[in-house]
Amino acid sequence: MDLATFAAQHGGLALAIRRHFQSRKVRELDGFVDKTTAKVLRLARHLDDAQQGLSVEGEKNAFRQGQRLVEIGLIPGAIATGTDDRNLDGGLATAEGIFAASGPNVPVMRSPGITYPYYGDTRKARDLLGKYGDAAAARHLSGLFPETRGLWVESVAAFEARLMGAVDSIAQRGSEFGDEFELWDLNYEQMVLLRHRLIIGSPLSEIDLETLEPLHGAGIAIAKDGTIAEFTSDLEVGSSVQS
């Protein structure tokens, strides 16, 4: 079943939330910046954002997803993205794919309300990412481990309230941009939280500490009747994570 069929069965789509497509990797500097440090600098937004956008592969895939949306007749009324260039690149490329496939010119905008949290203590972030890898985010979201305190500038409670509030507002009252659904382009951290809250449906204290990897371009769809499904980057109903 594709996402358009799912939407038709449930009164239309209110919101589709995807992880951004493949981004340009932070270059390591031998003897100066290793892989983990480079990643922390990126997550803390200490690097030039203009150099942290999508890779050529990522832009092509975002463009193709836009074309695919037109093919299945499911076109968003607006695309909202996180504030980083890798999110904006994806939103713009998808809008360009929609337009290239004879669809409308869909507006694209950055939204600080749905972006990922700043990594605050870079030394702590380096230690935790070096020890746990990306699973450090799930450990922090659980609230069970004092060692992660200060990983983000924003508290987990504030991050959860911000994201869930934004989701609930669209699901309950619709988009500010008309009757069509919104498409969001988000990051790893938001997708881990939202998948647990929306798909698993339990408190963050019960999050899987070895959480599965959210796939690029895949995500979560919320229908107007409240039904929730995961979708693949090809816009088929199916798992949004790497097993």
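Annotation: ring pair (Phe, Tyr, Trp, His ring centres under 6.0 Å) contacts involving residues 52-77, sequence neighbours excluded, are absent. Evaluation of the ring pair (Phe, Tyr, Trp, His ring centres under 6.0 Å) test over residues 221-243, restricted to residues two or more places apart or in two chains, returns none. Counting only residues at least two apart or on different chains, the side chain to side chain donor-acceptor pair (under 3.5 Å) pairs with a member in residues 164-179 are Ser175-Glu182. The list of ring pair (Phe, Tyr, Trp, His ring centres under 6.0 Å) pairs with a residue in residues 195-229, not counting sequence neighbours, reads His20-His216.
Contact annotation: the side chain of Leu209 never approaches that of Tyr132 to less than 4.5 Å [non-hydrogen atoms, C-beta and beyond]. Within the 4.5 Å cutoff, the side chain of Gln242 has heavy atoms near those of the Leu215 side chain. A heavy-atom distance below 4.5 Å is found between the side chains of Ile98 and Pro104. The closest side-chain heavy-atom distance from Arg86 to Asn187 is below 4.5 Å. Using a 4.5 Å heavy-atom cutoff, the side chains of Tyr119 and Trp152 are in contact. In this structure, the side chains of Pro214 and Arg195 stay at 4.5 Å or more apart for every pair of heavy atoms.
The CD atom of Glu180 sits 9.5 Å away from the CG atom of Leu13 when rounded to the nearest 0.5 Å. Distance CG/Leu54 to OG/Ser23: 6.5 Å, rounded to 0.5 Å. The distance from atom CZ of Arg123 to atom CG of Leu128, rounded to the nearest 0.5 Å, is 13.0 Å. Interatomic distance, CD of Gln190 versus CG of Asn87, reported as 7.0 Å (0.5 Å rounding). Annotation: the span from Leu163 atom CG to Met191 atom CE amounts to 10.0 Å, rounded to 0.5 Å. For the atom pair CG (Leu3) and CD (Glu230), the distance works out to 12.0 Å, reported to the nearest 0.5 Å.
Following chains of ILVMFWY side-chain contacts shorter than 4.5 Å, one can reach Val237 starting from Leu183, so the two form part of one hydrophobic cluster. In the hydrophobic clustering of ILVMFWY residues, with side-chain heavy atoms under 4.5 Å counting as a link, Met109 and Leu92 come out apart. Both Met164 and Ile170 are members of a single hydrophobic cluster when ILVMFWY side chains are connected at heavy-atom separations under 4.5 Å. Residues Ile200 and Leu212 do not share a hydrophobic cluster, clusters being chains of Ile/Leu/Val/Met/Phe/Trp/Tyr side chains in contact below 4.5 Å. Residues Leu198 and Trp184 share a single hydrophobic cluster, defined by chaining ILVMFWY side chains whose heavy atoms lie under 4.5 Å apart.
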Next on the checklist: Before you tell me yes or no, could you show the steps for Ile207 and Arg139 under side chain to side chain contact (heavy atoms under 4.5 Å, CB included), namely the whole-Å CA-CA distance, both residues' side-chain angles and the distance that decides it to 0.1 Å?
Outcome noted: CA-CA 8 Å; Ile207 197 169; Arg139 292 179 76 83; over 6 Å; no
Checklist entry - Between Arg126 and Asp121, does a salt bridge (charged side-chain N to carboxylate O under 4.0 Å, His left out) hold up when you go through it step by step? => result CA-CA 9 Å; Arg126 194 195 184 289; Asp121 186 332; over 6 Å; no
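A donor-acceptor contact shorter than 3.5 Å links the side chain of Lys124 to the backbone of Glu147.
Applying the side chain to side chain contact (heavy atoms under 4.5 Å, CB included) criterion to Asp134, with sequence neighbours excluded, gives Lys39, Tyr188, Glu213. Leu129 meets the side chain to side chain contact (heavy atoms under 4.5 Å, CB included) test with Thr36, Val40, Leu43, Ala136; sequence neighbours excluded. Here Glu154 pairs with Arg162 under the side-chain hydrogen bond (donor to acceptor under 3.5 Å, both in side chains) rule; sequence neighbours left out. The side-chain hydrogen bond (donor to acceptor under 3.5 Å, both in side chains) check on Thr148 picks up His140, with sequence neighbours excluded. Listed by chain and number, the residues in a side-chain hydrogen bond (donor to acceptor under 3.5 Å, both in side chains) with Glu160 are Arg197 (sequence neighbours excluded). With sequence neighbours left out, the side-chain hydrogen bond (donor to acceptor under 3.5 Å, both in side chains) criterion links Glu59 to no other residue.
Taking both residues in full, the closest heavy atoms of Leu204 and Val156 are given as CD1-CG1, 3.9 Å, listed atom of the first, atom of the second, then distance. For the pair Phe181 and Leu15, the tightest heavy-atom approach, listed with the atom from each and the gap, is CB-N, 4.0 Å. Gly90 and Asp185 make their closest contact through CA-OD2, 4.0 Å (heavy atoms, listed as atom of the first residue, atom of the second, distance). Annotation for Ile222 and Ala171: closest pair CG2-CB, 4.2 Å, computed over non-hydrogen atoms. Scanning both residues, Leu186 and Ile114, for their nearest heavy atoms gives CD2-O, 3.3 Å. For Phe159 against Leu193, the heavy-atom pair with the smallest separation is CD2-CD1, 3.7 Å.
The environment of OH in Tyr118 is sparse: at most 12 heavy-atom neighbours from other residues, nucleotides or ligands sit within 6.0 Å. More than 12 heavy atoms of other residues, nucleotides or ligands lie within 6.0 Å of NZ in Lys224, so this atom counts as buried by the packing criterion.
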For residues 64-82, which side-chain donor-acceptor pairs fall under 3.5 Å, sequence neighbours excluded?
| residue | atom | partner | partner atom | Å |
| --- | --- | --- | --- | --- |
| Arg64 | NH1 | Asn61 | OD1 | 2.9 |
| Gln65 | OE1 | Arg18 | NH1 | 2.6 |
| Gln65 | NE2 | Gly217 | O | 3.0 |
| Gln65 | NE2 | Ser233 | O | 3.0 |
| Arg68 | NE | Asp234 | O | 3.3 |
| Arg68 | NH1 | Glu71 | OE1 | 3.4 |
| Arg68 | NH2 | Glu236 | OE2 | 3.0 |

Result block: side-chain N/O donor-acceptor pairs under 3.5 angstrom for residues 4-11, not counting sequence neighbours:
| residue | atom | partner | partner atom | Å |
| --- | --- | --- | --- | --- |
| Thr5 | OG1 | Asp2 | OD1 | 3.0 |
| His10 | ND1 | Asp225 | OD2 | 3.0 |
| His10 | ND1 | Thr227 | OG1 | 3.1 |

